[in-house]
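The block underneath contains the structure these notes are about, expressed in structure tokens.
All values reported here derive from a predicted model rather than from experimental measurement. The chains referred to below are lettered A, B, ... by the order of the sequence lines, with proteins before strands, and numbering in each begins at 1.
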Amino acid sequence: MQDILIRYNRMQGKKVLWQPGTDHAGIATQMVVERNLAKEGLTRHDLGREKFIETVWEWKKQSGGTICKQLRRLGASCDWSRERFTMDEGLSRAVRKIFVSLYKDGLIYKAKKLVNWDPKLETAVSDLEVVQKETVGKMYYYKYPLEDNPNEFIHIATTRPETMFGDTAVAVSKDNEKLKHLIGKNCILPIVNRVIPIIADDHADPEKGTGAVKITPAHDFNDFEVGKRHNLPMINILNPDATLNENTPYAGMSTQEARVKTIEELEKLGLMEKIEEHPMVIPYGDRSGVVIEPYMTDQWFVDAPKLAVEARRAVHDKEMEFVPAVYEKTYFEWMNNIQPWCISRQLWWGHQMPIWYGPDETIFCEENEEEAQIVADKHYGKHVELRRETDVLDTWFSSGLWAFSTLGWPESTEYLKTFYPTSVLVTGFDIIFFWVARMMMMSMYMMKRVPFKKCYIHGLVRDEQGRKMSKSKGNTVDPMETIEKYGADALRFFMASSETQGRDINLSDSRIQGYRNFATKLWNATRFCEMNECYSVKDFDVKNAKLEINKWIVAKAIETTKEVTDNLNNYRFSDAANAVYQFVWGTFCDWYIELTKPIFYGENADDIKETRATAAWVLDRILVILHPFMPFVTAELWNNLTTRSTKLIKAEWPLNENINEQNKAEIDWAIDFISAVRSLRSAMNLPAGAKLHVYTKASEADLKTLDKQNKLICTLARLEALEPLGNKEISKDMVQTVCRDATILIPLKGVVDFAAERERLNKELETLNKNLENYARKLNNESFVAKAPEKVVAEEKRRQSEALENKAKVEEALARIANF
RNA sequence: AGUUCCGUGGUGAAACGGUUAUCACGUAUCCUUGACAUGGAUGAGUCAGCAGUUCAACUCUGCUCGGGACUACCA
């Protein structure tokens with residue numbers, strides 16, 4: 001879609017830029033490199049930070065760029081000389097600069113909070129990087145003895161008994177009649193025998209579980225909130241790798257091992273009551289695939305709720321518009337419920353935060369170490385040793401700056417001045433939160449203007465059955481293979497013609513194949529033109545064409561151009577693609593080429609000359625309007641046909657042409673006529689080879705046209721003769737059909753299958769009657785005549801009278817053969 | 001639970017409230033010479049249900065039934 005837009009706009013003579021590039025995919029990349037190291041029995045710690053980062057760059061050089069390779073193979077006409085990578089020096093500088101700015105504005109802060117912790121990667125991850133999976137777990141019911149009476153208990157239920165060592169309270173709702181008498185008492189945490197209070201909190205739902213909830217503030221997001229409300233101690237029971245720590249009796253054990261041990265112990269103590277199967281949702285790391293732990297650590301946050309204000313307003317005020325517009329609902333929904341954005345990652349691959357700590361942990365945030373040193377020395381009044389923050393930033397932090405960092409910001413470059421704010425971002429709906437929202441926030445904060453005026457949301461490519469592609473399902477398709485098989489043009493055209501306003505695309509081999517055939521069709525049509533010496537004639541103006549078929553095809557070509565233009569302007573890719581497709585195959589190949597044959601095989605030199613020039617003109621036009629969709633085949637043909645002064649990629653896209661309706665009328669009518677004859681021929685089972693003699697009954701004007709196009713019609717309808725019925729009697733061996741106002745009569749020299757003919761005519765009559773009923777119902781309705789627009793009423797009347805005439809003709813024909 | 005999208009020929013989709021509801025794939029019949037069988041000609045086959053708004057509903061509103069997507073949560 002990007003490339004269609006960029007080529008289309010470029011051909012309009014606009015200055016265009018498609019800024020290509022990739023982000024550094026912090027977590028995913030570090031994971032892959034660490035996995036490679038593991039094969040050699042190494043960890044990143046064996047290498048040290050500096051050496052490890054070097055290794056990542058090595059790896060990036062070798063295997064990076066798959067996406068860019070695919071883009072190139074697809075024919076993406078981006079400005080490859082401006083390819084950017086989020087870890088490039090320029091972009092990194094932008095990251096540092098905006099970080100410092102946000103920090104000094106109080107929009108970045110450090111806090112000890114519960115975050116999603118990935119114990120495999122040992123880093124915080126964003127909640128967007130956590131996938132929730134349905135699983136059947138177990139619910140454990142057990143009891144804690146009360147402090148003042150160890151024979152009395154409070155019953156609790158949990159799916160994670162091993163976290164009990166982090167319990168610092170048990171909560172009961174104050175409205176819980178059965179349990180509220182316990183509020184204010186203490187109970188004893190078994191195994192470790194710690195005394196914890198029973199508190200009143202509405203988080204405890206009397207309907208759920210036992211009505212009493214163990215509160216583990218350091219390991220559960222809800223409990224964390226409860227803990228804050230009641231000033232409960234927060235006990236961390238896990239090591240960074242999710243093994244239990246010294247705050248528990250099972251230090252060093254995994255959570256699974258500790259769970260088994262805890263249950264055993266509770267059973268021994270006689271406190272275990274029951275274990276039930278329990279469907280639940282468990283969070284997994286999107287990348288690492290391990291269970292994510294809520295974990296209490298020092299992390300850095302962006303005050304997203306504050307940044308969201310402007311980002312929201314800009315969309316609200318239509319400074320940035322989603323196409324299709326429905327996606328703004330998704331955007332608002334997320335922006336309205338936005339949480340502080342945890343931007344720190346305990347990784348090595350990424351932008352290390354520009355934060356330095358003084359000896360007393362005072363924070364210095366500057367763009368580089370020298371400046372931090374100067375500020376720090378001044379602060380302390382002496383030279384001090386600084387320690388740099390080891391955390392790196394979330395990849396999306398740098399991606400969020402893409403719209404301006406890639407244009408050279410913070411320098412005030414020509415590109416920045418020319419292209420910012422950019423016109424359109426094309427992306428998938430699943431990226432709205434990750435990227436679109438972050439770009440909006442960052443851009444509104446730093447640039448005070450939107451990063452792009454439009455955000456086009458395209459569908460996702462799914463497999464033939466409509467399932468999302470995934471490696472685990474094994475239903476992924478490598479675009480390169482499809483391209484090998486059918487060509488990039490076919491794949492592109494398939495995508496464009498399937499792209500209807502954000503709906504998903506089901507990959508369909510047979511359809512891609514169909515578009516490969518379409519390219520072949522164009523190729524063959526061009527060959528026909530070449531064989532007949534249709535070459536562009538420089539000073540030939542199509543406006544001066546005299547032959548009806550030439551005037552007709554030119555008008556049709558202009559009409560199609562306008563259709564494609566309008567549809568692309570409105571991001572209606574499929575309508576645009578289908579318009580070209582219909583024109584090339586359905587109009588140019590199926591009709592025009594056939595219509596030119598009588599001329600090319602005839603002897604009128606002037607007609608041949610004009611038709612050659614026109615055909616060449618239309619072919620050129622096809623190459624132009626098809627080019628954004630199928631750049632390869634069109635460019636190839638463009639260069640082969642004639643020596644050109646311009647490349648097709650820079651050829652002019654015609655705008656503001658006038659469609660001459662008049663020029664279309666005559667041939668449109670001839671085509672209808674030919675189709676009617678063919679249809680009749682097929683219905684009557686007349687051999688395709690049989691030359692027919694056709695009579696017509698029609699108005700003076702129509703007869704004149706038929707006479708003019710006589711040769712054409714005879715050739716295409718395979719007639720030996722076409723003549724007006726005149727005063728001749730309609731004989732009984734004539735079958736008839738109607739085409740617009742004309743009656744077409746074909747005498748059958750052999751035997752007419754009267755039964756078949758009657759059946760055909762009756763069917764026609766049935767349809768006419770059905771339609772007449774509809775027209776009558778409308779026209780007899782006073783409100784319709786009074787309230788509907790005049791045009792609609794007039795049109796309805798016209799249809800009625802036409803149908804009435806046709807009905808009379810069909811009835812006549814039926815009467816004629818009634819006795820056979 | 002919240003948000004949201006969608007039910008149209010066999011399949012996948014399209015249609016500012018106004019032709020006989022289009023298109024592609026598939027399918028049926030016919031076509032072996034002249035650009036193309038990766039083709040040509042001609043057919044057959046359809047709006048989930050109910051109610052409402054309107055002169056007029058595939059299109060707008062409500063409900064019912066059915067199918068997805070996203071987000072949150074489940075002691």
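- B:C60 is paired with B:G52 under the Watson-Crick or G-U wobble criterion, all donor-acceptor distances under 3.5 Å.
- In summary, of the residues considered (A:W585, A:Y581, A:Y486), a ring-ring contact (aromatic ring centres under 6.0 Å, His included) with A:Y515 occurs for A:Y581 alone.
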Notebook entry, point to check: What does nucleotides 12-23 of chain B look like as a protein-contact string, B for base, S for sugar-phosphate only, - for none, at under 4.0 angstrom between heavy atoms?
Noted result: SSSS--BSS--S

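- The phosphate of B:G39 has OP1 or OP2 within less than 4.0 Å of a side-chain N or O from A:N517.
- The residue among A:M280 and A:R462 whose nearest nucleotide of RNA chain B is located toward the 5' end is A:R462.
- OP1 or OP2 of B:G43 sits under 4.0 Å from a side-chain N or O of A:S679.
- Here the P atom of nucleotide B:C25 and the CZ atom of A:F494 are 13 Å apart, to the nearest Å.
- Geometric assessment of A:R438 against the ring of A:W341 yields a positive cation-pi assignment under the 6.0 Å and 45° thresholds.
- Ionic pairing of A:E559 and A:K664 is present here: one or more N-O contacts between side-chain nitrogen and carboxylate oxygen are shorter than 4.0 angstrom.
- Salt bridge absent: A:K180 and A:D175 never bring a charged side-chain N and a carboxylate O closer than 4.0 Å.
- Considering only the side chain of A:V326, B:C5 comes nearest among B:A75, B:C5, B:G2.
- The side chain of A:K597 contributes an N or O atom lying less than 4.0 Å from OP1 or OP2 of B:A35.
- Distance noted for atom C1' between B:C36 and B:G18: 41 Å (whole Å).
- Rounded to a whole angstrom, the distance from the C1' atom of B:C63 to that of B:U46 is 25 Å.
- A:N176 places its CG atom 13 Å from the C1' atom of B:A75, with the value rounded to the nearest Å.
- To the nearest whole angstrom, the two P atoms, one in B:G10 and one in B:C5, are 28 Å apart.
- Residues from residues 521-533 of chain A placing a heavy atom under 4.0 Å of any atom in RNA chain B, listed by number, are A:K521, A:N524, A:A525, A:R527, A:F528, A:M531.
- Among pairs with a residue in residues 585-601 of chain A, those fulfilling salt bridge (Lys or Arg N to Asp or Glu O under 4.0 Å) read A:E594-A:K597, at least two apart in sequence or across chains.
- Separating the P atom of B:U33 from that of B:U38 is a span of 15 Å, rounded to the nearest Å.
- Between B:A75, B:A44, B:C55, one nucleotide has an atom nearer to the side chain of A:T159 than all others, and that is B:A75.
- Side chain of A:F433, nearest nucleotide from B:C70, B:A72, B:G39: B:C70.
- A:D430 comes within 4.0 angstrom of nothing in the nucleic acid, heavy atoms only.
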